Structures are given as C-alpha cells and as structure tokens.
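Scroll down for the structure; my scribbles are underneath it.
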Amino acid sequence: MKARVYVTLKPSVFDPQGRVVADALLTLGYEDVQDVRQGKFFEVELAATDAAAAKARVTEMADKLLANPVIESYRVEVLA
Amino acid sequence: MKFSVVVFPGSNSDYDAFYAASTVIGEDAALVWHKDTDLQGADAVILPGGFAHGDYLRTGAIARFSPIMSAVQAFADRGGPVLGICNGFQILLESGMLPGAMVRNDRIKFVSRLVPVRVEATDTPFTAACAERQVLHMPVAHGEGNYYADPDTLAGLEANRQVVFRYSDAAGGISPASNVNGSLNNIAGICNRQRNVVGLMPHPERATEAQLGSADGRVILASAVKALASLSR
Amino acid sequence: MAVIDAAVLERHGIKPDEYERILELMGREPNLLELGLFSVMWSEHCSYKSSRVHLKTLPTTGPRVVQGPGENAGAVDIGGGLCAVFKIESHNHPSFIEPYQGAATGVGGIIRDIFTMGARPIALLNALRFGSLETQQARRIFEGVVAGVGGYGNSIGIPTVGGEIVFDEMYAGNPLVNVLCLGISRIDGIVKGAAKGAGNPVFYVGAKTGRDGIHGATMASAEFDEKSAEKRPAVQVGDPFMEKLLMEACIEVMKTGAVLGIQDMGAAGLSCATSEMGSRGGVGMTIDVMHVPQRETGMTPYEIMLSESQERMLLVVEKGREHEVEAVFEKWDLHAVQVGEVIEGSRLKIHERGVLVADVPNRALTDEAPVYRRPMQEPAWQQGVQRLTLDDLGAPPSAQSAFDRLLTVPTIASKRWAYGQYDHSVGTNTIAQPGMSAAVVRVKGTTTGLAVSVDGNGRFCYLDPHRGAMLAVAEAARNVACAGGEPIGGTNNLNFGNPERPEIMWQLGEAVRGIGEACRALGIPITGGNVSLYNETEGRAIFPTPVLGVVGLLEDASKTTTRTFKQPGASVVLLGDNLGELGGSEYLATLHGLVAGQPPALDLSREAAIQKLIVSLIREGSVESAHDCSEGGLAVTLAECAFNSGGIGVTADIAGVRLKPDTTSDVASGSDVASGSDVASGFSRTFSVNATLFGESASRIVVSASGERLDGVLAAAKAAGVTATVIGQTGGDRIRLSVNGTAVVDSAVAAAEQAWSTSIASRMAGRAPR
C-alpha cells in the first residue's frame with residue numbers, strides 16, 4: 001500500500017524560496033502568478049492492507065518526523 | 001568543570017567546541033557519540049554545529065531521535081546547562097526543548113561572516129559572565145537561521161525575557177539592517193523558561209582566540225564555568 | 001557478444017591505432033567490458049596521454065618532499081613529524097553542464113584525494129573562471145558553482161578559505177572550476193593507493209553504485225558540441241553527508257594500521273581504483289561485481305565497473321583484521337563489504353557471480369596507456385597579438401575614470417558575494433580571512449601555519465604561454481610570501497583546449513616549460529596536479545590557463561600579515577620596480593577592449609630575492625601590511641590596501657615611467673615623463689600616467705611600515721638588492737595618487753570601497769531567472 005504526504009509551510013510562515021520561484025516565474029512572463037509556496041512530497045510504501053489503519057499510521061509519521069508542526073502543515077493521502 | 005560535546009553523524013563543529021572548552025578555556029571536555037546514552041559526567045552539555053544527518057528532511061529533524069538525546073533531555077530537566085550552537089540550536093528546536101523553528105534565510109543564500117550580537121539576558125548559565133547589553137562579535141555560518149515562532153510564542157518569549165541574543169550593529173543597535181537572516185525580532189539566541197537550555201546561531205566556539213578574528217565567544221564558555229562555580233558554592 | 005566495429009570504437013573514444021595496441025596488449029580481441037575499461041583508463045582524463053611527456057619535465061623533488069606526483073595527492077614536510085598533503089583538481093566540464101552538482105562533486109573529489117592519504121583536510125581554495133557577468137548564462141553558472149562549492153564544503157565542515165575568480169568572455173562556454181584541498185597528516189601516517197599481499201581482502205565502502213557518471217571520464221576528454229546537453233545524465237550528484245561519514249571513518253580506520261592501501265573511486269570509478277591499486281603494488285586483483293552494493297537493479301558488469309557514482313572507496317585490508325575495519329565503518333553506519341582480493345601476478349580479473357567476465361593486465365590499463373608526443377606549432381597569430389601600439393588606441397581615459405572603472409570590474413572587485421556563502425571559520429584554524437591575497441591556516445598542536453594561494457592569468461598565457469605560466473608561479477608564490485610563508489611546494493592544474501590541435505599543444509608545452517623554469521628558480525617542487533584538456537566549444541578554446549597552487553610555511557603562525565593598512569601615519573613603500581608594462585593588463589582589456597602586447601617581463605632571480613625579503617620582513621615584524629601588485633597595477637593595489645582597513649586612506653606620489661617611442665608595452669623605467677620634454681603628444685602623456693598606475697609589472701609588493709622600522713625595511717631591501725621606494729603615507733580618508741607631483745586620482749575610501757565591494761552583488765541582483 002502506498003501513501004503520499006504533502007508538507008507545506010503554514011500560511012503564516014514566510015517562504016523565501018517560494019518567493020524567489022514566484023519572482024522568477026513573473027520575470028519569465030507568467031504574469032498571472034500570484035504566489036508560490038514550496039513544499040515537500042513523500043511517497044511511503046507500507047506493508048499494510050487496511051486503508052484507514054494505514055492513514056492513521058502515516059499521519060503519526062508525519063506528525064512525528066516528516067513535518068515540523070511549528071511551521072509546517074501536512075496532508076496524507078492513501079492510495080488503494 | 002566538564003563540558004560534554006555530543007557528536008552526531010554530520011556534526012562538523014564538534015571538535016571546535018571540544019578544542020575551545022579544553023585547550024583554550026582549560027576545562028575538562030569529552031566528545032560523546034550520539035549512540036551513547038551516558039553523558040560521561042557532564043557539568044554542561046554542548047550540542048555542536050554542523051549538518052547532523054546531512055540536515056536531510058529538515059535541519060536537526062533526525063538528530064533529535066538519537067539515543068543520547070534522552071540523556072540530554074533528562075540532564076536539562078534536572079537543571080543542567082545545555083548549549084545548542086547553530087545546528088545544535090536547530091536540534092533543540094526540533095526536539096521541543098526550545099520553542100519555535102528555523103526556516104531558510106530570508107536572502108536564501110548561506111551566510112558566513114563575523115557578526116555583532118547583543119546579549120539580552122545575563123541570567124543564563126551561558127551569559128552569566130557577560131555585561132548587560134554587551135556586544136559580542138562571533139561568526140555565523142548557516143543557511144537556515146531565520147528564527148520563526150507564532151505570535152503567541154514570540155510574545156511569551158519576550159515577556160519572559162527568553163531572548164538571550166539579538167543580531168545588532170557594532171554599537172548594539174537593533175534594526176532590520178543588522179538582521180543577518182530575517183529572524184523575527186532579530187533573534188539570534190533564546191533560552192527555555194527555566195533558563196538552563198540556551199540555543200544560538202552564532203558560533204562562540206569559533207571566536208575564542210584573537211588570532212582567528214575574535215575572542216568574544218570565550219565569555220559564553222567562561223559563563224558556564226562561573227555559573228557552575230556559584231552553584232556549587 | 002557485441003562485435004567491436006568502428007562505431008563501437010568511436011563511441012568509446014578509442015582511435016584505430018589505439019585499438020591495435022589494445023589487441024597487442026591483450027593478445028586477443030577484448031570483449032565489450034574490457035573495451036570499456038580501456039576506454040576510461042586510456043581517456044585523456046585518466047591517462048594524461050597528451051601531457052605526460054611534458055609533465056615529466058617538472059621539478060618534483062626537494063628536501064621537503066614526502067610524496068611526489070603519482071599518488072592521490074602530494075605531501076611536503078612541515079616539521080614536527082607532520083606533512084602538508086595537498087592537490088588541485090578540476091571539474092570544468094561537469095560544471096558547465098550542471099553548475100551546482102559539477103562544482104559540488106569537484107569539491108568532494110579532491111577532499112577524498114586528501115583523506116585517502118591518511119590526512120585530515122583543513123582547507124579548501126578554488127580558482128574559478130566564468131564568462132562575462134553581463135550575460136545571463138555566466139551569471140547562472142557563477143551562481144550555481146558558488147552555491148555548489150559552498151554547499152559541499154560547508155556541509156562537510158572544511159572551510160573554504162581563499163581563491164581567485166576571473167571573468168572573461170573566453171570562458172563563456174567553458175567555465176573553469178579548479179579546487180585545491182589541503183590536509184595535515186603525520187608523515188608516518190601516510191597511506192598509499194597500492195594493493196599489497198596476495199590473499200588480502202579488498203573492501204568496498206561508501207555510497208551504492210548507480211548508473212550515474214558512466215563515461216564521465218571520456219566526457220571530460222571530448223570537446224563540447226551542441227549534443228552536450230544530451231549527455232546530462234553523465235553528471236553525478238554529490239552527497240556531502242555520506243562523504244563526511246566516509247572521511248571520519250577512513251581517518252579512524254587508517255589509525256588501526258589494518259588498512260594496507262586505499263583509493264577513492266573518482267574518475268573511471270571501480271575500473272581505475274582496481275587497476276591502479278594493483279599496478280602500483282605490482283600485484284593482481286580479483287573482484288566479483290555481484291558483491292558491489294548497487295542502487296539500481298539490473299546493472300551490468302560494464303555499468304558497475306564504469307559508474308562514477310560519488311563517495312565510494314576501495315580498501316585493501318590485512319587478512320585476519322577484517323573485523324577491526326568493519327567495526328569502525330559500522331560505527332559510522334557504513335557497511336564495508338568485501339568485493340574481492342589481492343592475487344599473485346599482475347592481472348585484473350572481474351567476475352560476475354563467479355564467472356570470469358574480464359581479464360586484463362593491470363599495467364595495460366595504467367602504465368601501458370598510450371603516450372603521445374603530439375605535434376606542436378606556434379599559432380600563426382601569436383606574434384601578431386604581442387604587438388601593441390598605444391598610439392593606435394585613440395584617446396586614453398583619464399587616470400581617475402580608469403581607476404573608478406577598474407575597481408568595479410568583476411575580476412578586480414571584491415569577491416565577497418562568493419566567499420560570503422562559504423563557511424571559512426569552521427575548524428578554527430583560519431587566520432587570514434578570505435579576500436586577502438593568500439589564505440593562512442594554523443596547524444593545531446604546533447606553532448606553525450600554512451599560507452596557500454592559487455593563481456593564474458589566462459590573458460598573459462594567451463599572449464605568451466611560457467612567460468604567462470612563469471608569472472602564475474611567481475604570483476602564487478609571491479602571494480604566499482606576502483602572508484609570511486616560505487613557499488615549499490606547489491600543485492598545478494593545466495586548463496587548455498584540444499591537444500590534438502598543434503597550437504594548443506604548443507601552448508601547453510610552453511606553459512609547462514615556464515612552470516618548470518619558475519619552480520626551479522624559486523625552489524618549489526610540484527608534487528601533483530591535474531590536467532584538463534578539450535576546454536573548447538565549437539572550435540573556440542579558452543585562454544590557456546595553467547593555475548598554480550603554492551603552499552608556504554610559517555614557522556610562527558602569529559607572524560603573518562595581510563594586505564590592509566593597519567594605522568595612519570605609516571610610510572608606504574613599493575618594493576620592486578615599476579616598469580609600467582601594459583601588455584595583457586586589465587587596464588587594456590577593460591578601458592580599450594584590447595588583449596595584446598607582451599606580458600610583463602619576469603626576472604626569476606629578482607623574484608626570488610623579493611620573496612625572500614618580504615618573508616624575512618614579516619617574520620621580523622618590520623612591515624604592517626604587504627600586498628602583491630597584480631591585476632589593475634599599483635593604483636588598484638594601493639586602493640586594496642585601504643579597503644577593509646577601517647577606512648584608512650593613502651597619499652602617494654609615484655615616479656612616472658617613460659614609454660618607448662614605438663610605444664609597445666616594453667618601457668624604460670625611472671624617467672620623469674609627465675614633465676619630460678621628449679613627450680610629444682597628450683596621448684602618450686596620459687598613457688604614461690596610466691601605465692605608471694595600471695601597468696602590471698611583476699615582482700612588486702606594496703608594504704607599510706611605521707616609525708623607525710622604515711629604515712630597517714629600506715636597509716634590508718638594499719642588502720637584498722631589491723629596489724625600495726617610499727611612495728607615500730597612510731592616513732586620511734581618501735586615496736590620493738599623483739604621478740611626478742601631479743594629482744591624478746582622488747577618491748574617498750568609503751565611496752571607492754563601496755563600489756568595489758558591491759559591484760558583483762549588484763550585477764547578480766540584476767540577474768534574470770533561470
């Protein structure tokens with residue numbers, strides 16, 4: 001079973017890298033770009049069969065290690 | 001007294017801290033491997049600078065799970081002085097021993113230079129020998145030293161005088177121009193509420209000999225010696 | 001089995017006559033794997049086949065030499081049972097294709113060469129060349145290379161303490177990234193890259209092997225063309241964390257004494273490590289690729305042997321002591337695995353699951369690699385570019401405007417933008433901060449220090465490769481001497497175009513001849529180095545650019561100095577002769593858009609004398625500052641002495657030089673021209689002022705000395721036969737320069753320093769995105 005974890009900086013936290021990417025896109029002519037937030041993406045392979053249990057387990061991992069709750073939020077998706 | 005310096009895989013200022021504490025200051029010092037569980041009779045613990053575990057994932061994120069960290073936590077809970085320098089500060093933040101977090105420097109790039117830092121509190125074991133508002137010149141060398149805390153936490157830090165160091169100019173003035181990395185309130189170092197755990201981004205251990213550009217950092221280590229002496233008196 | 005036909009040979013970069021030689025050495029047709037081994041081992045990068053006959057002429061011995069060329073790095077005795085281990089290496093081609101990773105893995109590679117010798121690395125320097133910062137491509141490459149150099153060095157915790165950066169359109173398509181690493185070892189702790197003793201196990205440790213970098217060595221030996229972009233996968237990705245663990249573990253494991261030989265897997269990967277270790281030790285080696293840790297599935301023996309995955313080492317361990325070695329690596333969470341053993345004889349035998357898949361004599365891959373005495377021909381344009389007629393140049397700029405302009409030229413401007421991204425304080429050994437002429441590091445546990453400088457001037461070498469190369473040696477050694485270091489050893493990185501062209505080969509031959517002459521005269525043995533050829537794009541070669549790294553010894557590390565003025569009221573003294581030579585100068589290039597003339601003359605005995613003099617003056621504490629004159633000449637040198645001094649100004653009056661009637665760059669010195677009646681035109685008059693201020697004559701040093709120490713300096717110079725002229729005083733907050741009493745430059749230190757120190761940053765801030 002495969003789970004995906006998306007980690008991004010919380011909206012209140014300034015993201016200098018995202019800003020640089022946004023500036024770069026604007027200079028390249030993508031004038032409709034309003035903001036960019038840079039984040040992290042994890043794919044976790046699990047030896048589990050129950051989706052709910054897998055989600056709980058990966059959520060725990062995200063909370064404990066993959067994200068820093070002080071500055072980051074995360075979202076977990078479990079793929080069938 | 002005895003300083004124990006923790007060595008994580010990827011630490012790169014561990015020996016510098018050991019050298020400053022032993023050869024320069026003349027105290028006992030030990031290097032303690034991160035897989036150990038015993039602090040070897042430390043009177044003070046230093047979590048050194050570097051890139052523990054490559055700083056992969058996030059700075060300090062994996063190091064907090066090293067076996068030695070339980071001993072460090074217990075030592076701190078007993079009131080033992082713990083100093084986190086640069087990556088060591090980041091580890092203290094990740095482990096929750098200090099509040100807040102680090103994000104990328106506001107100007108993105110790694111910043112390496114000698115900077116003035118103003119001492120904001122002299123009632124910690126690592127600033128006890130400093131003068132009030134003393135300005136210390138110490139090197140910074142980091143890519144993620146941009147201190148962040150949510151507004152409530154930040155207000156609490158200020159109210160409890162937990163901000164120990166701020167980036168300043170040479171005269172001690174605090175302004176956006178003297179902020180090297182975008183840290184909130186120019187914060188360069190903080191302590192916990194009990195004031196025995198201190199973290200800072202500048203490197204006092206690299207500023208202990210005038211020949212190397214500054215000896216201002218000596219007072220940080222000397223403070224620990226002084227604090228311990230007054231404690232045992 | 002694949003048939004080896006012309007197409008296969010071409011893909012492997014093997015020429016038909018080379019293949020004939022392979023058949024002869026093998027005594028049969030090689031299989032594809034064996035051909036692959038020859039391909040990488042006989043590449044220019046690994047075999048030095050074009051440069052070897054020239055490199056052999058360099059002086060490589062001396063009383064302090066502990067290890068000369070041929071090992072992973074050279075070593076010189078620094079007293080107290082210790083030696084300095086150092087080498088310079090290039091990563092030019094990869095840095096063009098992927099600037100960050102190219103530079104980062106270049107740093108990683110040279111660090112491995114140093115700790116492989118048993119030394120602890122303590123300092124990094126780099127010599128970088130880029131195209132004009134006015135172009136977006138050059139800015140992108142510059143930004144990526146600097147980030148990569150910093151990214152790797154900072155993480156592993158080895159300070160980047162100095163170097164030099166030059167910008168010139170000639171490097172637009174071929175940036176140069178040369179990195180020098182310096183380490184310290186006990187002399188009796190040096191470990192070599194040789195296999196010993198049949199039956200001893202061969203261990204592999206470090207990162208797993210992937211398909212990255214296959215044929216990296218052959219790529220580094222081919223010209224770029226439009227298809228280079230397709231070769232992108234051949235760039236390796238660095239892992240400084242892995243390297244840090246490897247470094248600590250290797251240094252620890254070598255202390256056990258159980259390691260008999262060790263080599264890193266750099267260019268040509270396992271092929272190189274196995275054949276070179278066997279060849280050096282006069283033994284054979286057998287390995288089975290199934291034991292090699294692999295990052296990807298389904299890798300063939302060909303891919304495993306040719307992979308250039310980074311951060312991998314090969315060790316020969318004394319039989320029976322495997323557990324000691326394994327235990328150290330386990331501590332660092334690294335797993336050393338046995339992949340083979342040393343065997344009698346002299347063959348490299350490669351197996352796949354027990355089946356012999358390659359069987360080649362070691363020496364066929366190493367010592368028997370082809371050696372070319374390639375044809376050399378002085379370029380037809382060579383003498384033409386040496387002619388310089390100042391009268392043809394039109395109206396020269398005023399000295400003030402030239403001065404202002406030169407201070408902000410990226411090649412002269414402060415490199416703070418770059419070194420501000422390098423951790424230079426880690427390790428607590430760095431005495432001279434980056435931005436000084438030479439880096440100075442102390443050696444812990446002793447009173448000694450080491451001064452290191454890397455220098456090269458491609459423009460001079462283009463105009464005259466022989467003299468240009470001599471000047472590079474002289475400048476690197478002079479910089480070291482200006483920090484108080486007595487030059488004791490050198491390393492060279494030869495960056496040139498396609499050696500198959502006789503003009504390029506002539507440049508290389510002439511440059512090596514120049515390096516040899518200068519090193520002999522200055523007593524500097526060359527203990528190793530690197531050659532990077534084929535630095536050309538679509539037939540256009542870089543300036544021939546030999547880069548010299550020189551290491552100097554300070555017996556007392558506290559007796560050093562820097563370029564900056566230390567106090568007002570000191571006398572400013574020019575040591576050496578101001579000849580006003582403009583040939584190949586930054587002034588001509590920047591203000592007149594011209595690269596022409598003869599490079600400055602160099603008298604090696606005078607050079608040796610001035611270096612000895614400055615070292616002794618610094619040791620005695622007679623001078624407060626010392627700065628070598630190079631790009632931008634005397635005026636820029638004086639300005640640089642004022643910069644970073646806390647705003648101490650200077651007032652100087654310099655005797656004008658007289659330009660010869662035919663106004664080439666060769667001029668007579670000492671005459672009063674600006675007021676002389678033999679100067680006909682106003683042009684010549686301004687040129688003579690500009691030549692006085694901005695000429696780049698060699699063997700000159702500006703020092704400052706206070707009070708009665710001045711007399712001692714002048715007396716010592718006289719005794720040494722070195723011209724010493726008091727040209728002015730420090731003090732005030734302006735840089736005021738006059739020639740023959742006529743004021744020609746007057747700038748506030750603060751404003752000039754601001755322009756100089758922010759020039760590169762402001763150019764980079766205006767960059768377009770990638």
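Note that the structure is predicted; figures quoted are calculated from it, not measured.
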Close side-chain approach of [X] to [Y], heavy-atom, < 4.5 Å:
{"X": "B/P48", "Y": "B/I85", "value": "no"}
{"X": "B/V7", "Y": "B/F18", "value": "no"}
{"X": "C/L450", "Y": "C/V440", "value": "no"}
{"X": "B/M69", "Y": "B/M97", "value": "yes"}
{"X": "B/L39", "Y": "B/I68", "value": "yes"}

Pull every donor-acceptor pair under 3.5 angstrom between chain C and chain B and give the atom names with distances.
{"from": "C/E143", "atom 1": "OE2", "to": "B/K109", "atom 2": "NZ", "distance (Å)": "2.5"}
{"from": "C/N154", "atom 1": "O", "to": "B/N12", "atom 2": "ND2", "distance (Å)": "3.1"}
{"from": "C/S155", "atom 1": "O", "to": "B/N12", "atom 2": "ND2", "distance (Å)": "3.3"}
{"from": "C/D239", "atom 1": "OD1", "to": "B/Y56", "atom 2": "OH", "distance (Å)": "2.6"}
{"from": "C/K244", "atom 1": "NZ", "to": "B/S11", "atom 2": "O", "distance (Å)": "3.3"}
{"from": "C/K331", "atom 1": "O", "to": "B/K35", "atom 2": "NZ", "distance (Å)": "3.1"}
{"from": "C/D333", "atom 1": "OD1", "to": "B/K35", "atom 2": "NZ", "distance (Å)": "3.0"}
{"from": "C/G420", "atom 1": "O", "to": "B/S112", "atom 2": "N", "distance (Å)": "2.8"}
{"from": "C/Y422", "atom 1": "O", "to": "B/S112", "atom 2": "OG", "distance (Å)": "2.7"}
{"from": "C/D423", "atom 1": "OD1", "to": "B/R206", "atom 2": "NH1", "distance (Å)": "2.9"}
{"from": "C/D423", "atom 1": "OD2", "to": "B/R206", "atom 2": "NH1", "distance (Å)": "3.2"}
{"from": "C/D423", "atom 1": "OD2", "to": "B/R206", "atom 2": "NH2", "distance (Å)": "3.3"}
{"from": "C/H424", "atom 1": "NE2", "to": "B/S112", "atom 2": "O", "distance (Å)": "3.4"}
{"from": "C/H424", "atom 1": "NE2", "to": "B/S112", "atom 2": "OG", "distance (Å)": "3.3"}
{"from": "C/S425", "atom 1": "OG", "to": "B/R206", "atom 2": "NH1", "distance (Å)": "2.9"}
{"from": "C/G427", "atom 1": "N", "to": "B/D16", "atom 2": "OD2", "distance (Å)": "2.7"}
{"from": "C/R442", "atom 1": "NH1", "to": "B/E209", "atom 2": "OE1", "distance (Å)": "2.6"}
{"from": "C/R442", "atom 1": "NH1", "to": "B/E209", "atom 2": "OE2", "distance (Å)": "3.2"}
{"from": "C/R442", "atom 1": "NH2", "to": "B/E209", "atom 2": "OE2", "distance (Å)": "2.8"}

Residue, of B/P139, B/G50, B/P9, B/A141, that accumulates the most heavy atom pairs under 4.5 Å with chain C: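 Ranked by heavy-atom pairs under 4.5 Å with chain C, first place is B/P9.
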Select one option (side chain, backbone, both, neither) describing which atoms of [X] are under 4.5 Å from chain B's heavy atoms.
{"X": "C/A432", "answer": "neither"}
{"X": "C/I158", "answer": "neither"}
{"X": "C/L245", "answer": "side chain"}

Heavy-atom pair count under 4.5 Å with chain B, highest-scoring of C/G151, C/G420, C/P434: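 Highest number of heavy-atom pairs under 4.5 Å: C/G420.
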Shortest non-hydrogen contact between C/G484 and C/L554, atoms and distance: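 Taking every non-hydrogen atom into account, O-CG, 3.6 Å.
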Intermediate values then yes/no, side-chain contact (heavy atoms from CB on, under 4.5 Å), B/V198 and B/F89: CA-CA 8 Å; B/V198 173; B/F89 184 13; over 6 Å; no
Passing option when C/L124 is tested against C/V107, C/V452, C/L182, C/I156 for side chain to side chain contact (heavy atoms under 4.5 Å, CB included):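 Running side chain to side chain contact (heavy atoms under 4.5 Å, CB included) over C/V107, C/V452, C/L182, C/I156 with C/L124 returns exactly one hit, C/V107.
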